[in-house]
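Order of the sequence lines sets the chain letters (A, B, ...), proteins ahead of strands, with each chain counted from 1. Predicted model only: the values in this text are computed from it and were never measured.
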Number of protein chains: 2
Amino acid sequence: MKVADPLDIPLRQLEYLVAVADHPTWSSAATSLGVSASALSQGLADLERRLGVQLFERQGRRRVLTDLADPVLQHARTVQALSHDIGQWAERVSTLKMGSIRVGMLDVGAVIHFPEVLRLFRTDFPDIGFHLTVAPSSELLAGLRRADFDLIVCVRPSELPPTISATPLLQERLVIVRPPKVKSRPPSAWGPWVLFPKGSHTRSLIERSLREPGSLPHVVAESHQPDVLAQMVSLGLGWAVLPVAQVPEHLDVEIGEPIVTRDLVICQREGAPKHPGVEVLIERLRAVADHD
Amino acid sequence: MKVADPLDIPLRQLEYLVAVADHPTWSSAATSLGVSASALSQGLADLERRLGVQLFERQGRRRVLTDLADPVLQHARTVQALSHDIGQWAERVSTLKMGSIRVGMLDVGAVIHFPEVLRLFRTDFPDIGFHLTVAPSSELLAGLRRADFDLIVCVRPSELPPTISATPLLQERLVIVRPPKVKSRPPSAWGPWVLFPKGSHTRSLIERSLREPGSLPHVVAESHQPDVLAQMVSLGLGWAVLPVAQVPEHLDVEIGEPIVTRDLVICQREGAPKHPGVEVLIERLRAVADHD
DNA sequence: CATTTTAGTTAAGAAATACTTAACAAAGTG
DNA sequence: CACTTTGTTAAGTATTTCTTAACTAAAATG
């Protein structure tokens, strides 16, 4: 019998691991992959044996990933994304089609900064399939990691996921937005607040910069949508911190002082073959961003 | 019959591709992998079929990689390096050993800046296997890519290879070194030169900064070894540009003005699980670098 | 120019791997 | 306690990948 080389882990087993991590139960993971539960079980048992590391724990009749499984899961996701990319590349090259581009953008990117770029890109390159997803930064990053996107524009994260590269695009000033007729005050009397949701990246930027001047943020409402937040401010529910450009002009609110800036960045997966369409799009995004 | 999913490329076939790229002939690649030439041929034929991209061309009775094979080769190397890393990690974790660390360093790092760090690290962690390789930056980078190293200290490259990350460590000033008794002159009268070899990264930095003040570098001798270059200068063969610290003190040469600075960086593979020993070593390198 | 050597491919069967079904154990559920 | 859900194990089947052996074609040899 041949010795199982730990270096030569079947791709399939890595898929199994990812599926198991992403599904509540192993059987559902198995059906999602179109294989029997048995195959999954055997495959994962083999993976565990190969690595010689305990990847799973019993929890009642469920099996859950151990902490040790984490690096392996990271590895699996990385390899999966890479494989996806080379597959896409091969299809593009072999069929001589332009392929398609899936872009993820923060709302502010899609609506305020780059709507024209996106529109023009679609009309200039009608042969390139194009799909835009607007979502919060963390979702975009997760999607980029999973190869759901080829390119995203998001807020620079404090820590980049592995094999993701970020290049700066532009900076945005976030200002304090007060309810109508509310004058400027010392920081200790600021708030209460109406902010982006907990976990949002801009939210943590804001919290950090509010804590600094000595205002413990007391948050009474949350939304990912800046227009909703602005609306709440105009109704007197609380104060907000928003990108200047995203405060609707017709609303009756008080624009206060800039409190923090956030960096919008372009993120891509590293180690993937270049897609010429993506290159062009990046160029155009940069051009507009530099122009601002 | 099952349809061949291009996304599920056997790792083995990627190994074949890399081996073929690294060996002059397919048969030697096959024997280096310990398989028959036939297996290799079939495997690569299958890979080509899966991707639907022409990867090989005939050249007489040889087969060589096409340009199209390049992205696939990149992919293969990346995946190989990742697999190696997860394998190492697994072995470390499963055996509870500290594993080993392979460090690559530029001569100036090993000899001038960090000899103490390296010595102390070895005595502080005798359980961690340790191996140091001193080589030029480009070799180090290639080795890092191939997973020959876990960590390197080199000159910041103008373009990073995919899935390699670089973090700044310190800056070095390179000065003009003139033969004994030769006074400072206008740039047009500089040289002739005794420099690092063509292709060296520091060489291109130097060339760029020499061209700027208007001195076309006429190069009469080359070496990777700074002490050799300095020696040649002292013999009156030509002028050199060297890190101040690498000009031997006892030599009779004229130290001229600083002409360019180079960044030394720490490079690692991205997407690899962390090795605690490597983290410690990095910390110590930074500490010393910041102290300078 | 015939002969030999070298490089790589193709065919056929053997070996190894991965999958399916079926039977089973154990933990929740009504 | 019967019943369902979750996951494992065993045994046989299907698929993939390898080896050996026979073959083609380009270079090298003499």
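Rounding to whole angstrom units, CG of residue A:L55 and C1' of D:dT8 are separated by 17 Å. The distance between atom CG of B:L40 and atom P of C:dA7, rounded to the nearest whole Å, is 13 Å. Straight-line distance from the CG atom of B:L11 to the P atom of D:dT16: 17 Å, rounded to whole Å. When rounded to the nearest whole Å, the span between CH2 of A:W26 and C1' of C:dA26 equals 15 Å. Atom NE2 of A:H23 and atom C1' of D:dT6 are 15 Å apart (whole Å). At whole-Å resolution of the value, CG in A:L44 and C1' in C:dC19 are 14 Å apart. Taking atom CZ on B:R49 and atom C1' on C:dT9, their separation rounds to 16 Å, with Å as the unit. To the nearest angstrom, C1' of D:dT17 lies 15 Å from CG of B:L14.
A salt bridge does not link A:D148 to A:R102: none of the charged side-chain nitrogens sits closer than 4.0 Å to a carboxylate oxygen.
Using a 4.0 Å heavy-atom distance criterion, B:F56 is classed as making no nucleic acid contact.
Nearest nucleotide to the side chain of B:Q13, out of D:dT8, D:dT17, D:dC18: D:dT17. Distance from the side chain of A:P10 is smallest for C:dA18 among the nucleotides C:dA18, C:dC19, D:dT17. When the nucleotides D:dG7, C:dG28, D:dT20 are ranked by their closest atom to the side chain of B:S36, D:dT20 comes out on top. Each of C:dG8, D:dT8, D:dT5 was ranked by its minimum atom distance to the side chain of A:R61; first place goes to D:dT5.
The aromatic rings of A:H224 and A:F196 sit tilted relative to each other, their planes meeting at an angle between 30° and 60°. By the 30° and 60° cut-offs, the orientation of the rings of B:F56 relative to B:W26 is perpendicular.
Residues B:V72 and B:V53 are not in side-chain contact: their nearest non-hydrogen atoms beyond the backbone lie 4.5 Å or more apart. You'll find the side chain of B:W193 stays beyond 4.5 Å of the side chain of B:V220, heavy atoms only. Inter-residue side-chain proximity for B:Y16 and B:L47 is flagged as unmet; no heavy-atom pair is nearer than 4.5 Å. Residues B:H75 and B:L14 have side chains in contact (heavy-atom distance under 4.5 Å, counting atoms from C-beta outward).
Side-chain nitrogen and oxygen atoms of A:R63 include at least one within less than 4.0 Å of the OP1 or OP2 phosphate oxygen of D:dT8. Regarding contacts with the backbone of D:dT6, every side-chain N or O of A:R58 stays at 4.0 angstrom or more from both OP1 and OP2. When the side-chain nitrogen and oxygen atoms of B:Y16 are compared with OP1 and OP2 of C:dG8, none of them lie within a distance under 4.0 Å.
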Can you tabulate the close N/O pairs, meaning under 3.5 Å, that link protein atoms to atoms of nucleotides 10-12 of chain C?
{"residue": "C:dT10", "atom": "O4", "partner": "B:S38", "partner atom": "OG", "Å": "2.9"}
{"residue": "C:dA11", "atom": "N6", "partner": "B:S38", "partner atom": "OG", "Å": "3.2"}

